[in-house]
Amino acid sequence: MRYKEWEQYEAARGLEKKVGRVLFTVLFICLLLALVPMKVSGSSIEAAEEMSYYDLERCFLEVLDMRLREYGYADSGLTLNSIIYADGSRCYYIKIHHARITDAGAGAWEDLKLQIADIPFPIENCSVIYEIVP
């Protein structure tokens with residue numbers, strides 16, 4: 001081999017070695033990540049707490065639905081949104097969808113709001129705000 005060919009051969013071998021090292025490093029990192037357990041979301045305690053809040057919210061909506069049925073507003077649409085503040089307190093916004101409530105006017109809505117306002121949310125530091133959606 002001539003000198004130039006030898007230089008090209010050595011340069012190609014050097015490049016192959018660098019690519020091999022990079023490939024080996026990437027595969028090694030992928031293997032380590034596959035073997036090391038990762039925390040995907042919050043702790044199991046936080047997940048259990050969120051599930052308990054979810055269950056309480058569902059129960060609250062069921063009681064509210066039963067109360068609305070008692071007052072003649074069967075099949076009302078209920079939407080629950082919540083805000084969780086930094087101190088852990090929560091505020092629930094309940095939107096009620098029903099054509100008869102909307103058609104009855106503001107006076108009927110105020111009366112109904114008084115009749116359902118006594119339904120407590122079973123957790124401390126929670127407030128509930130009701131809203132009628134036309």
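We're numbering straight along the sequence, starting at 1.
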Check: Ile119 and Val128 side chains under 4.5 Å, non-hydrogen atoms = no
Would you call Leu78 and Leu68 a side-chain contact if the rule is heavy atoms closer than 4.5 Å?
-> yes
Side-chain donor/acceptor pairs under 3.5 Å, residues 91-101, sequence neighbours excluded:
unit_1: Tyr92; atom_1: OH; unit_2: Glu57; atom_2: OE2; d: 2.8
unit_1: His97; atom_1: NE2; unit_2: Thr79; atom_2: OG1; d: 3.0
unit_1: His98; atom_1: ND1; unit_2: Arg100; atom_2: N; d: 3.1
unit_1: His98; atom_1: NE2; unit_2: Ala74; atom_2: O; d: 3.1
unit_1: Arg100; atom_1: NH1; unit_2: Gly72; atom_2: O; d: 2.4

Quick one: which residue pairs count as a side chain to side chain donor-acceptor pair (under 3.5 Å) with a foot in residues 109-134, not counting sequence neighbours?
-> Arg67-Asp118
Please list all pairs passing the side chain to side chain donor-acceptor pair (under 3.5 Å) test where one or both residues lie in residues 15-37, with sequence neighbours left out.
-> none
Group every Ile, Leu, Val, Met, Phe, Trp and Tyr by side-chain heavy-atom contacts under 4.5 Å, then state whether [X] and [Y] land in the same group.
X: Leu61; Y: Met66; result: yes
X: Val133; Y: Leu80; result: no
X: Ile84; Y: Tyr53; result: no

Contacts of type side-chain contact (heavy atoms from CB on, under 4.5 Å), residue Asp87, not counting sequence neighbours | Tyr85, Ser89
The side-chain hydrogen bond (donor to acceptor under 3.5 Å, both in side chains) partners of Arg58 (sequence neighbours excluded) come to none
How is the hydrophobic cluster of Leu114 composed, in terms of its other members, when Ile, Leu, Val, Met, Phe, Trp and Tyr link through side-chain heavy atoms under 4.5 Å apart, directly or indirectly?
-> none
